[in-house]
Amino acid sequence: GAVVSQHPSWVICKSGTSVKIECRSLDFQATTMFWYRQFPKQSLMLMATSNEGSKATYEQGVEKDKFLINHASLTLSTLTVTSAHPEDSSFYICSASPGQDNEQFFGPGTRLTVL
Amino acid sequence: GQQLNQSPQSMFIQEGEDVSMNCTSSSIFNTWLWYKQDPGEGPVLLIALYKAGELTSNGRLTAQFGITRKDSFLNISASIPSDVGIYFCAGRSGSARQLTFGSGTQLTVLP
């Protein structure tokens, strides 16, 4: 149980294009999902907290107009990197929690490379 | 903001040896978690700690929640090749659901 999937697992795009990453909780409902970014040999940095049916809460320094988050259902959250640039190249990981008292379960990550 | 200092940054050990790594915080946490991340994958939860002083085991892994609530350690006994990976501590404070991650410990197990 508690499986989280991400799609795609990797994506290569040209600078200036937008990329959408999906995060799904496969066997549980998640009112809250989290989006992280991880650069090579670094730790996970929380970008935003995604709440079903409401606006995401972004961490300080994360541009909400560049990283659009939609959490339209209890099993799906999407992260759209708009007008991507090479410096946005990173490993994007989502996590989901079945409930307030449950820990986060992480997806397998999406490797984004912007040329 | 909150910071977690994790050490060591990397370790090279012989198969069969025991390993210890730890995290310290500048502030109090009410939850400590230990994750393992394999290359190109998301982190996988190993052990969760919820009470100061708590000592919890998961197979060859043992972790403790420090009495001061500002530190935690993870021990791996009798290491095997599949223990290779990056180990992260993570903490949560107050009623927040967000996690703060340590910088990670890269573990290499030599045959």
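Throughout, a chain's letter reflects where its sequence line sits, starting with A, and its residues are numbered from 1.
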Checking B:Leu99 against chain A: side chain, backbone, both or neither under 4.5 Å from a heavy atom?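 Both backbone and side chain.
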
Given that the side chain runs from C-beta out, which part of B:Gln106 has a heavy atom under 4.5 Å from chain A: side chain, backbone, both or neither? neither

Engaged part of A:Leu44 at the chain B interface, taking heavy atoms whose separation is under 4.5 Å: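 For A:Leu44, the contact with chain B is made by backbone and side chain together.
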
So for A:Gln38, is it side chain, backbone, both, or neither that comes closer than 4.5 Å to the heavy atoms of chain B?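 Only the side chain of A:Gln38 comes within 4.5 Å of chain B.
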
Shorter than 4.5 Å, heavy atoms on both sides: which option in A:Lys41, A:Gln104, A:Gln6, A:Arg111 has the most such pairs with chain B?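 Highest number of pairs under 4.5 Å: A:Gln104.
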
Max heavy-atom pairs within cutoff under 4.5 Å with chain A, candidates B:Gly102, B:Gly104, B:Pro43, B:Ser103, goes to B:Pro43

Establish, from distance only, whether the side-chain atoms of [X] and [Y] form a donor-acceptor pair under 3.5 Å.
| X | Y | value |
| --- | --- | --- |
| A:Ser18 | A:Thr82 | no |
| A:Trp35 | A:Ser50 | no |
| B:Arg97 | A:Ser97 | yes |

Just one of A:Ser95, A:Pro98, A:Ser25 clears the side chain to side chain contact (heavy atoms under 4.5 Å, CB included) bar with A:Phe105, so which one? A:Pro98

Carefully, step by step, assess B:Asn75 and B:Ser20 under the rule side-chain hydrogen bond (donor to acceptor under 3.5 Å, both in side chains). CA-CA 4 Å; B:Asn75 286 343; B:Ser20 184; 2.7 Å; yes

